[in-house]
Amino acid sequence: MGHLVLVGMMGSGKTSVGELVAERLGRKLVDSDAVIEARTGRTVREIFEADGEAAFRTLESEALAEALASPQPAVVAAAGGVVLDEANRELLRSGGGRRVVWLDADPSVLAARVEKGDHRPLLGDDPEAAMVRLDRERRPLYREVADHRVDVSGQDLAEVAEAVLALVPA
Ligand code: S3P
């Protein structure tokens, strides 16, 4: 199997679940936000504030394309906004034996568990309102790219990791 890509909203557990799944599969975890922060030496928030969201999205598309082009099958935790760009969506759908798993939950559930912080400037002062708005905009886009959807509500990280592993060939 090619890359295993986790998509979904902020707070859905892509990075934490990705770590568990990568360990079990003996693969590397590639987290698009971490790649950008390592490459630029700046936090996601700093990039948003200094250069704007569009500049961040360009870096994000580059990080995604690079991760998917790598021949070594990895687990890729793709940040919440990757689906906004049509070229990214096409890339995610373009086969290559990869599987895209959408970690999904109601925005109110995600808002309650999401941590604000230096890589989530879009949450602002009212994370729940931001999540509801982003969920409305993005739900069809996650659906468009996903091979599988896992409902993460009421499941801890280990349970979600098991559900993801059950979807992929051993
Ligand atoms: C964003 C999600 C964040 C980060 C940035 C924008 C988004 O990553 O890339 O704050 O637009 O959903 P996570 O999905 O890893 O939280």
Side-chain angles (χ1 to χ4, degrees), residues 1-38 43-45 48 56 60 63-64 67-68 70 72-84 88-89 92-93 97-170:
M1 190 188 81
H3 298 296
L4 173 60
V5 187
L6 301 177
V7 298
M9 293 270 285
M10 291 176 262
S12 59
K14 300 176 297 290
T15 303
S16 314
V17 169
E19 276 167 10
L20 296 174
V21 170
E23 194 182 322
R24 282 277 292 278
L25 294 175
R27 293 181 174 203
K28 200 172 113 182
L29 173 71
V30 182
D31 176 290
S32 64
D33 285 335
V35 168
I36 293 169
E37 292 191 338
T43 65
V44 171
R45 181 181 299 277
F48 265 72
F56 173 76
E60 182 171 71
L64 179 73
L68 296 183
S70 155
Q72 176 108 13
V75 175
V76 179
V82 293
V83 292
L84 295 173
N88 291 349
R89 297 201 299 280
L92 287 167
R93 285 197 316 257
R98 76 182 62 103
R99 293 287 175 91
V100 180
V101 181
W102 172 21
L103 304 186
D104 187 26
D106 191 83
S108 60
V109 172
L110 296 178
R113 34 190 265 183
V114 80
E115 287 164 30
K116 289 196 189 185
D118 259 2
H119 83 291
R120 290 176 173 154
L122 293 178
L123 290 179
D125 295 333
D126 186 347
E128 176 143 13
M131 291 293 232
V132 167
R133 181 177 55 76
L134 294 171
D135 178 77
R136 200 174 300 132
E137 182 184 331
R138 296 178 180 177
R139 183 158 288 276
L141 308 179
Y142 293 128
R143 187 173 294 124
E144 182 185 321
V145 299
D147 299 301
H148 308 280
R149 173 181 164 277
V150 171
D151 186 344
V152 305
S153 333
Q155 298 204 72
D156 67 23
L157 295 173
E159 288 166 334
V160 176
E162 288 306 327
V164 171
L165 286 162
L167 294 170
V168 301

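These numbers come from a predicted model, not from an experiment. Only heavy atoms go into these numbers, but all of them, side chains included; no hydrogens, no water, no symmetry mates.
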Original post:
For the side chain to side chain contact (heavy atoms under 4.5 Å, CB included) test, which of D106, D135, L103 pairs with M9?
Top reply: D135
Original post:
So which of V5, V21, V30, V17 actually passes side chain to side chain contact (heavy atoms under 4.5 Å, CB included) with V75?
Top reply: V21
**OP:** Could I get the full list of side chain to side chain contact (heavy atoms under 4.5 Å, CB included) partners for L141, not counting sequence neighbours?
**Re:** V83, L84, R89, E144
Answer yes or no: is there a side-chain heavy-atom contact under 4.5 Å between [X] and [Y]?
X    : Y    : answer
K28  : Q72  : no
R27  : P73  : yes
L68  : L92  : yes
L110 : S12  : yes
M131 : L123 : yes

Strictly distance-based, threshold 3.5 Å: is any side-chain N or O of [X] a donor or acceptor partner for the main-chain N or O of [Y]?
X    : Y    : result
E137 : L134 : no
D31  : T15  : no
R120 : V114 : no
H148 : R99  : no
S32  : A79  : yes

Subject >> Salt bridge flag under 4.0 Å for residues R139 and D104 >> reply: yes
**OP:** State plainly whether the residues E37 and R45 are in salt-bridge range, i.e. N to O under 4.0 Å.
**Re:** no
Subject >> Contact summary for K14 and A77, nearest pair of heavy atoms >> reply: O-CB, 3.9 Å
